[in-house]
Structures are given as C-alpha cells and as structure tokens.
Amino acid sequence: MTVVAIDGPAGSGKSTIAAALAARLGVPHVDTGAFYRAATLAALRAGADPQDPDAVLAALAGARIDRRAGRTLLDGEDVEEEIRGPAVTRAVSAVSAHPAVRTALLDAQRAGVTPAGAVVEGRDAGTVVVPHADLKVWLTATPRERASRRAAQAGSATTAAVAAHEADIARRDALDAGRMVPASGVIAVDTTDRDVDAIVADLVSLARSQAERPAGP
Ligand code: DC
C-alpha cells in the first residue's frame, strides 16, 4: 500500500502532478478540492448562502457527491466542468472554510483510498485526510508562475490576464491561509520552471522507498 499526500496552494501544480503520480503508482487520485467544489455547486443550486454554514450543510444533507474515473458526480450528474467554472470558483473558499462542512466531506474523501493506496491531493491531505501517508509533499511555485499557469488554462495569457489571475491567487491564498499548514515530515518541492515528468519521477522513487520502510515506533 502506498499513500501519498500532496498539498499546496492553487496553481502550484498539484492536480497535474497528483494525477501523473497516481497513474505511475497504479493507485487512485483523490482530488479533495473537487469535493469542496461539488459541495459549493450543491449549495448554489439549492440557493444557499455560501457564507452560511447551516444553509450549506442543509443543502449537502440531500446531495450525493461521487468521484469516478477522474470525474465528479453530484446526485449522479457529471458536473466536472461546471465545478471548475467561475461561479463555483468564486464561492468555494467560503464553503470550504466552514469546519462542519469539512467534517461532513471527510469520510467521502477517505473512501477514495483503496487497499493499494492513493495519491490524495488538497490543502489538508497530509494533516487531516491521510495523516498516516507514507510520503507528504508540499508543492509551491512563485505567484507569477501560478498565475501564468491559470491564465494558460483559461486560454488567455496576456499580461493583463496574468495580472488578474495573480490578484485572484493572492485573494484565495488569504482566504485559504488557515488551512495551508504543511504537515510535519513534509517534503517541499518548488515546481517553478521544472518539468512535470522530472518531478513525478522523483516522487515515484521517494514514494516507493518510503512505502518499503518498516513502520516507525
Ligand atoms: O484545489 P482546488 O482549487 O480545486 O480547491 C478548491 C477550494 O477548496 C480552494 O478554495 C481550497 C479548498 N480546499 C480545501 O479547503 N481543502 C482541501 N483539502 C482542498 C481544497
């Protein structure tokens, strides 16, 4: 069994690296952010105020969130594209800040770990979701690099677009700050100007050597 926790801020390369690492290790990729995004969509569809934890929890009580083959399902409907859109992205920090919402989603996130293991990606994978992970990684990149990646993903990499993403990243970092605490024993990896394949190759070796070590006292 190999369990890897990958945490880090938006645009640090988590999703790309976690997905590639999971494929290389032959284990599922558990995208915990997708659960917060689906919960946010459920709240928005129910007309709940994202700032109101009781309203969000009430919306969640009647909702079923599943992840299957890299897609996110809300009550059986594939909402993978919709949860990456601007409406959800604007509201998700507020929804994910509610402790009761975090608790409500934890079991579903942990259920993604199979007997073979998993690569669990998020903000609190190493501290909360899988604190027993064999390998804990904290990804970083410069704010400019993170903004450039987001701009390229959105299809417009003009100077103005990158600046707008950089401002949005600073806003989200501030909102997510309380949850962005590196776990103890974490390995920090700066992805700025680094090739994804090289980073993944390093992490595969690290994960394999950590998983083979006898459990500590
Ligand atoms: O990684 P992402 O952009 O899809 O995350 C969406 C939001 O959910 C972001 O505001 C941070 C939050 N999040 C969190 O609080 N805890 C996690 N484990 C994963 C994401």
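If you read the sequence from its start, that first residue is 1, and numbering goes on from there.
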Is the shortest heavy-atom distance from the side chain of Asp193 to the side chain of Glu145 under 4.5 Å?
yes
Rounded to the nearest 0.5 Å, what separates atom CG in Asp202 from atom CZ in Arg194?
5.0 Å
Can you check whether Thr32 reaches Val120 side chain to side chain, under 4.5 Å on heavy atoms?
yes
Drop me the distance from Asp54's CG to His98's NE2, to the nearest 0.5 angstrom.
9.0 Å
Do Trp138 and Ile169 sit in the same hydrophobic cluster, where Ile, Leu, Val, Met, Phe, Trp and Tyr count as joined when their side-chain heavy atoms come under 4.5 Å apart?
no
Side chain to side chain donor-acceptor pair (under 3.5 Å) partner of Arg67, chosen from Gln109, His29, Glu80
Glu80
Return the CD1 to CG distance between Ile17 and Leu139, rounded to the nearest 0.5 Å.
5.0 Å
Would you check if Val162 and Arg144 make a side-chain contact, meaning some heavy-atom pair closer than 4.5 Å?
yes
Quick test of your reading of the model: are Arg45 and Asp75 salt-bridged, counting only N-O distances below 4.0 Å?
no
Tell me every residue that passes salt bridge (Lys or Arg N to Asp or Glu O under 4.0 Å) with Asp78, counting only those two or more places apart in sequence or in another chain.
Arg71
Is any side-chain heavy atom of Val128 closer than 4.5 Å to one of Arg102?
no
State, with a plain yes or no, whether a side-chain heavy atom of Leu206 is found less than 4.5 Å away from one of Leu203.
yes
Arg110 side chain to Val130 backbone, donor-acceptor under 3.5 Å
no
Donor-acceptor side-chain pairing of Arg37 and Thr89 below 3.5 angstrom:
yes
Answer with yes or no whether the hydrophobic clustering places Leu57 together with Val92; edges join I, L, V, M, F, W, Y residues whose side-chain heavy atoms lie under 4.5 Å apart.
yes
Would you call Glu77 and Leu41 a side-chain contact if the rule is heavy atoms closer than 4.5 Å?
no
Sequence neighbours excluded, the answer for side-chain contact (heavy atoms from CB on, under 4.5 Å) partners of Ala116 is Val27, Thr114
For Thr142, does its backbone N or O pair with a side-chain atom of Thr192 as donor and acceptor, under 3.5 Å?
yes
For Ala141, is there any backbone N or O sitting under 3.5 Å from a side-chain donor or acceptor partner on Thr191?
no
Working to the nearest 0.5 angstrom, can you tell me the gap between Ile83 CD1 and Ile65 CD1?
9.0 Å
Is a side-chain N or O of Lys14 found less than 3.5 angstrom from the main chain of Gly8, in a donor-acceptor match?
yes
Atom of Gly112, atom of Ala118 and distance for their closest heavy-atom approach:
O-CB, 4.2 Å
CG of Asp7 to OG of Ser12, rounded to nearest 0.5 Å, is 9.0 Å
Honestly curious: do Val204 and Ile6 fall in one hydrophobic cluster under the side-chain, below-4.5 Å linking rule?
yes
Value for CD (Glu166) from CZ (Arg146), rounded to nearest 0.5 Å, stands at 9.0 Å
Any non-hydrogen side-chain atom of Val4 less than 4.5 Å from a side-chain atom of Asp134?
no
Any non-hydrogen side-chain atom of Arg208 less than 4.5 Å from a side-chain atom of Leu25?
yes
Okay, side chain of Lys136, backbone of Pro131: is any donor-acceptor separation there less than 3.5 Å?
yes
Are Val137 and Val3 in one and the same hydrophobic cluster, where Ile, Leu, Val, Met, Phe, Trp and Tyr link if side-chain heavy atoms are under 4.5 Å apart?
no
Within 6.0 angstrom of Asp195 CG, more than 12 heavy atoms from elsewhere:
yes
